[in-house]
Asks: 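My structure is below; once you've seen it, I'll send some questions.
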Protein chains: 2
Amino acid sequence: MKPTVHDIARSAGVSLATVDRVLNGRPGVRHVTRERVEQAISSLGYVRDVAAANLAKGRTYSFVFVLPNYDNSFMIGIRDEVHAAISRSGAERTQIRIVEVPPFDAAALADALNHIVPDRPDGVAFVAVEGLEVHAAVAGLKDAGIAVVTLVSDLPGSERDHFAGIDNHAAGRTAANLLGRFTGGRDGRIAVIAGSMLVRDHRERLEGFLAVMGESFARLDVLPVMEARDNPALTAEVVSAALGRYPDIIGLYSLGAGNRGMLHALREVAREARPVVVAHELTATTRAALSHDLIDAVLNQDAGHEVRSAIRVLKGKVEGLSVIAAQERIRIDIFLKDNMP
Amino acid sequence: MKPTVHDIARSAGVSLATVDRVLNGRPGVRHVTRERVEQAISSLGYVRDVAAANLAKGRTYSFVFVLPNYDNSFMIGIRDEVHAAISRSGAERTQIRIVEVPPFDAAALADALNHIVPDRPDGVAFVAVEGLEVHAAVAGLKDAGIAVVTLVSDLPGSERDHFAGIDNHAAGRTAANLLGRFTGGRDGRIAVIAGSMLVRDHRERLEGFLAVMGESFARLDVLPVMEARDNPALTAEVVSAALGRYPDIIGLYSLGAGNRGMLHALREVAREARPVVVAHELTATTRAALSHDLIDAVLNQDAGHEVRSAIRVLKGKVEGLSVIAAQERIRIDIFLKDNMP
DNA sequence: CAGTTTCTGAGGTACGTAAATCAGAAAATC
DNA sequence: GATTTTCTGATTTACGTACCTCAGAAACTG
């Protein structure tokens, strides 16, 4: 059956201690001996029994999740999922801590990350905000040998090990494709409402959206993006104003988290005059709007999947294991009212 | 830190052996003592360390996957995923065996399931075909204490523990919704091509499709479903004939696995006269067709997710553990050319 | 060649649980 | 009251790995 360290020791003609030294990269093994052991390992197809190893080590992985204390439904969902993971953590030999930081604040985020280093956790997951200080903080974490994963929002060019989130550019393209087709050949204007162009996700979504609009739906006239900082009242106002000013708005793309406000504005429009609406993130709000035909499609990233994936990847990094790539790719879910989960 | 059996023994004032008897339902414990131990377990919040337990037991889970030797891309994908799981199984204390059966053959499937019982595996996953003998076979497996999961195609009303697959009714509804909207207000006919109405998945998809077509898109005239047993040549012929006979076909729903044949027929139609096409399962074929605008949307069930989910659920059943419901729900993925993974 | 350093082997303990054996206590039976 | 049965406790071994100590061998150093 499955070969053990004992089998390797016997096969290589060395003692168990030497095998252990080779396996765990400890010093005190001559080069030739090390090679003999490695030869035996690969020829027997030995794989370390992670469960037994963890038991022996008594190791519990310690991870820190740095999350913005931003109270939109999606971020609340992320926090809930982390808490769910924490409640399961007993059985999974993981200890997870949440650190909250103010949203959209690179300095505060970098500060929080820097403060984590002395605790020497095994891994850190955080929602990235762009900024040189954040890049530096990531480098600091990596220098301390801490695994780093970005969550929801990425930090390309940094030393992070992995990004657990969606391709926002592709999400924007998908939104454009849906909106273009759902408007069904009619001409008209398209309004885009965003939170802030300072946030990478929103910017990327817009880029993708505009690209496809230009390529495939030239008949549609995309209005300049409206930024309303995901604030419900402001969003409602801005959307209302746009709909009033341009009666030929036949499509609306809400790429941020301002859905509540947007819906408020939409309800004031007569049913048959309502534009086609594509929004992001399946929450109680968007779910209800989907079933009442106020929103036509919702693009979603599965918060549970993202959080679980981040944890799996962190564990994998710590153990030096490979991950199942397909399992860790976060999909851009499209929900119509008929395929809501 | 995490309480162990030793802590419980101490807290309940009994020996380790007694705790073990209670934990593993072994006889030889007085009622009052058992209660004292259970009290200690719940008050300390003890959870058994599954890794340590498996190590001690030396247990390896043995599962059997019963799959049709049906060579469409999707089933090949399922088999590949099972093989991938097998190759990982060393590290996961699982031993997985594949049994192949002829497709759409209830008697052969039941026979295969019955033959598995004497091997006494811990769990069985199979692609269901309807039939009384299959229900009986499932009952036989359950009587033998074997966990049973249906994969891709369900067997409602049977004693199976879980279904790892999508809601095909909802998939059909989603297809109708997409097709209805993508045809953009135009009138015309819709053609539906299926494998066989004898297969539950196909039947359910059609039901859902027709329901939404009737509810929301009365302007579209759905032609009687064409069955071509997922045979490429036959499918091509049937689709070609339909497109020739009804020039006003503006939408096509391929709910089975006959995509290759359907695409062959579609390529003979001038680009601008092509209908809107919704198909199932993201394979190399449909993926290419999506990027070349031959297919407009693909509904997909993630084979990898289904297989991994089936294994997780089987393990959970054997261990008497609960599963993360959200993680085990197989989504109906919608892929446009922009959000293909 | 004695002394030092580097390598290797042997052996043990530990992790948390399962499972077995054996002995003693309590309860039931004769 | 002696015997049997049922319950309970104590103790031990095992699973596969990690990690520690100690001793001795081999290889270098001066």
Side-chain angles (χ1 to χ4, degrees), chain A residues 1-38 40-41 44-61 89-95 122 318-321, chain B residues 1-38 40-41 44-61 89-95 122 318-321:
Chain A
M1 279 278 317
K2 253 189 83 182
T4 73
V5 277
H6 296 87
D7 300 321
I8 294 168
R10 204 168 340 106
S11 160
V14 300
S15 82
L16 228 145
T18 305
V19 175
D20 181 63
R21 285 175 190 126
V22 172
L23 278 174
N24 296 293
R26 274 186 269 274
V29 184
R30 225 183 333 161
H31 188 67
V32 280
T33 315
R34 164 159 280 134
E35 284 197 329
R36 219 169 57 233
V37 173
E38 277 165 354
I41 289 174
L44 289 182
Y46 169 81
V47 279
R48 166 202 254 112
D49 184 324
V50 182
N54 286 344
L55 180 60
K57 275 194 277 210
R59 138 160 261 166
T60 60
Y61 300 103
S89 64
E92 291 171 9
R93 288 200 129 64
T94 39
Q95 205 189 336
D122 297 301
V318 174
E319 285 169 1
L321 244 64
Chain B
M1 281 276 317
K2 249 188 85 180
T4 72
V5 278
H6 296 88
D7 300 321
I8 292 168
R10 205 173 335 107
S11 161
V14 299
S15 83
L16 230 147
T18 305
V19 175
D20 182 63
R21 286 178 189 121
V22 172
L23 278 175
N24 296 291
R26 276 186 269 274
V29 185
R30 229 186 327 166
H31 188 68
V32 281
T33 314
R34 162 159 279 133
E35 283 197 330
R36 218 170 57 235
V37 173
E38 278 165 353
I41 289 175
L44 289 182
Y46 168 81
V47 278
R48 164 202 254 111
D49 184 324
V50 182
N54 286 344
L55 180 60
K57 276 194 278 211
R59 137 161 263 167
T60 60
Y61 300 104
S89 63
E92 292 170 11
R93 287 200 134 60
T94 40
Q95 205 190 334
D122 297 302
V318 174
E319 285 169 2
L321 245 65

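Order of the sequence lines sets the chain letters (A, B, ...), proteins ahead of strands, with each chain counted from 1.
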Asks: Applying side chain to side chain donor-acceptor pair (under 3.5 Å), can you list everything that pairs with Arg34(B), at least two apart in sequence or on another chain?
Replies: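 Here no residue qualifies.
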
Asks: Here's a test of your reading of the structure: between His31(A) and Ala53(B), which maps to the more 5' nucleotide of DNA chain C?
Replies: His31(A)

Asks: Nearest 0.5 angstrom please: Leu55(B) CG to Asp49(B) CG, how far?
Replies: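 Taking CG in Leu55(B) and CG in Asp49(B), the distance rounds to 9.5 Å.
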
Asks: Suppose we screen for side chain to side chain donor-acceptor pair (under 3.5 Å). Which residues come up paired with Asp20(B), at least two apart in sequence or across chains?
Replies: Asn24(B), Arg26(B)

Asks: Rounding to a whole Å, what distance do you find between Leu16(B):CG and dT13(D):P?
Replies: 15 Å

Asks: If I take atom NZ in residue Lys57(B) and atom C1' in nucleotide dA19(C), what distance separates them, rounded to the nearest angstrom?
Replies: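 It works out to 11 Å between those atoms.
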
Asks: Which atom names give the shortest non-hydrogen contact between Asp122(A) and Tyr61(A), and what distance separates them?
Replies: OD2-CA, 3.3 Å

Asks: Within the 4.5 Å heavy-atom criterion, are Val19(B) and Leu16(B) side-chain neighbours or not?
Replies: no

Asks: For dG9(D) and Thr18(B) - does any side-chain N or O of the residue sit under 4.0 Å from the phosphate oxygens OP1/OP2?
Replies: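 Result: yes.
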
Asks: The criterion is side chain to side chain donor-acceptor pair (under 3.5 Å); which residues satisfy it with Arg30(A), sequence neighbours excluded?
Replies: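 Applying side chain to side chain donor-acceptor pair (under 3.5 Å) to Arg30(A) gives none.
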
Asks: Let me confirm one number: the NE2-OG distance from His6(B) to Ser15(B), rounded to the nearest 0.5 Å.
Replies: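 These two atoms lie 10.5 Å from each other.
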
Asks: Nearest of dG16(C), dT8(C), dA18(D) to any side-chain atom of Asp49(B)?
Replies: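 Ranking dG16(C), dT8(C), dA18(D) by closest atom to the Asp49(B) side chain puts dG16(C) first.
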
Asks: Rounded to the nearest Å, what distance is computed from the NZ atom of residue Lys2(B) to the P atom of nucleotide dG16(C)?
Replies: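 For the pair Lys2(B) NZ and dG16(C) P, the rounded distance is 8 Å.
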
Asks: Without decimals, in angstroms, what is the distance between Asp20(B) CG and dG9(D) C1'?
Replies: 13 Å

Asks: What are the two closest heavy atoms between Val37(A) and Ala12(A), and how far apart are they?
Replies: CA-CB, 4.1 Å

Asks: Minimum heavy-atom separation for Arg36(A) and Gly13(A), please, with both atom names.
Replies: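 The pair with the smallest heavy-atom distance is NH2-O, 3.9 Å.
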
Asks: Would you kindly give the CG-to-C1' distance between Asn54(A) and dG16(C), to the nearest whole Å?
Replies: 13 Å

Asks: Decide yes or no for Lys2(B) and Val47(B): does some side-chain heavy atom of the first lie under 4.5 Å from some side-chain heavy atom of the second?
Replies: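 Lys2(B) reaches Val47(B) side chain to side chain.
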
Asks: Choosing from dG16(D), dA19(C), dA10(C), which nucleotide comes nearest the side chain of Leu55(B)?
Replies: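 For the Leu55(B) side chain, the nearest candidate turns out to be dG16(D).
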
Asks: If we only count heavy atoms from C-beta on, is the Leu23(B) to Ile41(B) side-chain gap below 4.5 Å?
Replies: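 With C-beta onward as the side chain, the pair touches.
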
Asks: Nearest to the side chain of Ala52(A), which nucleotide is it out of dG9(D), dG16(D), dA18(D)?
Replies: dG16(D)

Asks: Within the structure shown, what part of the strands sits under 4.0 Å from Asn24(A) by heavy-atom distance: base, sugar-phosphate, or nothing?
Replies: sugar-phosphate

Asks: Please encode protein proximity along nucleotides 21-28 of chain C as a string of B, S and -, counting only heavy-atom distances under 4.0 Å.
Replies: --------

Asks: For the helix from dC1(C)-dG30(D) to dC30(C)-dG1(D), how many degrees between its two end axes (five pairs per end), to the nearest 10°?
Replies: 40°

Asks: Give the residues of residues 3-11 of chain B touching DNA chain C, defined as any heavy atom closer than 4.0 Å, sorted by residue number.
Replies: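 By residue number: Thr4(B), Val5(B), His6(B).
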
Asks: Please determine, for the side chain of Ala56(A), which listed nucleotide (dA10(D), dA14(C), dA18(C)) has the closest atom?
Replies: dA14(C)

Asks: Measure from the side chain of Arg26(A), starting at C-beta and using heavy atoms only, and say which of dT17(D), dC19(D), dG9(D) lies closest.
Replies: dC19(D)

